[in-house]
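Note sheet for the following structure.
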Amino acid sequence: MFLKVKDLVFSYSSTRILDEVSLELEGSEILGILGPNGAGKSTLIRCINKILNPQSGIITFNDTNINTMTRMEIAKNLGYVPQTSTNPFPATVFDTILMGRRPHCGWRNSPGDIKKTLEILELVGIKDLAMRDFTELSGGQQQKVVLARALAQETDALLLDEPTSNLDVRQQLETMEIVRSLVHKNGISSIMAIHDLNLAARYADRILLMKNGSIFDVGDPFSVLTPENIREVYGVEAVIKDEDGRPYIVPKCPVKNCNECCQ
Amino acid sequence: MSIDTGSISLEKIEQEYTSFVGRKIIFLIVLLLLIVVLIGVATTLGIIDLSVLEVYSVIFHKFLPQYFQVPSEVADQVVWNIRLSRILFGIFAGMGLGIAGAVMQVVLKNPLASPYTLGISSAAGFGAALAIIMGWGFFGNFLIAGNAFIFALISSMFIVGIARHKGATPEIMILSGITIMYFFSACVTLLEYFADPDAVKGVVFWMVGSMGKASWDKLGVLACVLAVCLPILIWKSWDFNIISSGDETAKSLGVDVDRLRNLSMIISSLMVASIVAFTGTIGFIGLVAPHITRMIIGGDNKYVLPCSALVGGLLLAGADVVAQNIIPPVILPIGVMTAFMGIPLFFYLIMRRRKGYW
């Protein structure tokens, strides 16, 4: 087992955000985390990366408890793409991506790191942004740069928190294709919190559905994304279709108004 | 953007990046040359009239005594113990204030952070006022400087202590810093209210700041502090870049954010405390030198930190030279001069930028 989370509990003062969450991530798979706003998706990802410290529960990575690992060791194994990113001071896109090399070198970068950064610029398709200032970019461009920084980290696992929330439809697909090809070609794994049910259905190998800080269901896309589960978790009536062997979800209406619209 | 970006080749990007880094190195070298020139010019200026030849004979006599003669005992005294020590002291003090300001702005993610806005300077001012008005203090021989140093350290330890207790977030540090600034200003006002006018005048003169107390002993102390602090800060400069992308990102890239923030606050406060203790309050350099630097070379701290130090040194020492020579024999307060020289430069740079703040 690659990454294992067992009985994770996290609270902000008195509010319990995560309630005994357990999950297992295999090598070379994309695990999509779905759930409504406030279900605890981002908190779960932050706990796994030790950005937040859970009150109880065990997280192991290749059978090592992450509490016994230094931050630098974790950074060598886990890459993290936050939802939003800001920088009050100017930094070029090139320098921003170069930061991803930090876990692999001492206090300065080497020519090898420059080369790696150039490769990543090409891979993510943002070569022409290289010398632009990060703060001048659009939200979608910034999101790609932040993904590129996590890729420059060259980790075995990627934690993605809403990696496509600011992107247009083409860029959403491009980003997901990049992640999928890395997972399948390089054998890395990814945990991805995401709002778009159909993007998750299409690209995730397994789906973990969360509600109010606990796991509601987990399994392959067809078994989890059922009309019953979607009604229970999101309060939405939906029709599930089969599109290229993947579920395609057509949301119809909120449950409480159902009599008016779903006749 | 997006997939059809074949227009620009990777070699071209690498070239651009290399020349981008090259420009920053050139800026660094230009600053170093300017400092050498400043030292060379400043030692020839002053109330006691010495020719350029005399001044340089005195200087080179130290290194090559067989070739250069000392023109007179007075010249030797003036050049070594007054002019040269003073200009070097200005450069070192400015360097410390410049780099401390740059570090504080980055780790607190606030462009307004500086030794002054964090209350370190006003705490030092209170320490000095206590010594001048009441005659109370630590260290008998260095009463005023010692007191200023101790109080500057107390205030910054207080901020770091609160941060340790409540989490080292930028907001907590800035808020406690500003609160401390108001507290010590109030304390100084209270002391002045009950003090006799001569003592108040002494406090005002101390607060205005001056390079007049420079000496080789103090220069030695300051040089030692800088020799320890500057390399540590510059060694951490990549981590400072990462921290300004956000605490979460920095943690995910392996940086121990709280420890780095505490460490760098302690080091920069120590530097500021040892400078302010000798010079009095000089508020402006720590705020403006880093901004001037970033406007010229961008935000990469590997270059921003050393360049801010040099810009700070140039500004402070340059302002001191002008302050001494503009209406001799009157020496204008150094704080006034740094503001008069720095502010037009600062506004020029703001107006010159096409886009936004940077």
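Both the backbone and the side chain of B:Lys302 come within contact range of chain A, each with at least one heavy atom under 4.5 Å from a heavy atom of that chain. Both the backbone and the side chain of B:Val106 come within less than 4.5 Å of a heavy atom in chain A. Neither the backbone nor the side chain of A:Leu159 comes within contact range of chain B; no heavy atom of the residue lies under 4.5 Å from a heavy atom of that chain. Heavy atoms closer than 4.5 Å to chain B are found in both the backbone and the side chain of A:Met99. At a 4.5 Å heavy-atom cutoff, the contact between A:Pro103 and chain B is made by backbone and side-chain atoms alike. Using a 4.5 Å cut-off between heavy atoms, B:Phe20 touches chain A through its side chain atoms alone.
The two atoms that bring A:Tyr80 and B:Glu248 nearest to each other are OH-OE1, 3.0 Å, heavy atoms only. The minimum heavy-atom distance between B:Ser244 and A:Pro88, with the atom names listed, is O-CD, 3.3 Å. Residues B:Gly298 and A:Pro90 approach most closely at C-CG, 4.1 Å, considering heavy atoms.
From A:Lys127, atom NZ reaches atom NZ of B:Lys12 across 12.0 Å, with rounding to the nearest 0.5 Å.
In this structure the side chain of A:Phe89 reaches within 4.5 angstrom of the side chain of B:Gln105, judged on heavy atoms. Under the 4.5 Å side-chain criterion, counting only non-hydrogen atoms from C-beta, B:Tyr17 is in contact with A:Leu98.
Side-chain atoms of A:Gln153 come within 3.5 Å of backbone N or O of B:Ser252 as a donor-acceptor pair.
Counting non-hydrogen atoms of other residues, nucleotides and ligands closer than 6.0 Å to CZ of B:Phe158 gives a total of 12 or fewer. Within a 6.0 Å radius of CG in B:Leu32, other residues, nucleotides and ligands contribute more than 12 heavy atoms.
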List the steps and the verdict of side chain to side chain contact (heavy atoms under 4.5 Å, CB included) for B:Trp238 and A:Cys105. CA-CA 11 Å; B:Trp238 201 9; A:Cys105 28; 3.6 Å; yes
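Interface summary for chain A: among B:Thr249, B:Asp256, B:Asn110, the most heavy-atom pairs under 4.5 angstrom belong to B:Thr249.
If you run side chain to side chain contact (heavy atoms under 4.5 Å, CB included) between B:Ile13 and each of A:Leu129, A:Thr117, A:Ile114, A:Leu118, only A:Leu118 comes through. Under the side chain to side chain contact (heavy atoms under 4.5 Å, CB included) rule, B:Leu253 has a single partner from A:Met72, A:Arg71, A:Arg149, which is A:Arg149.
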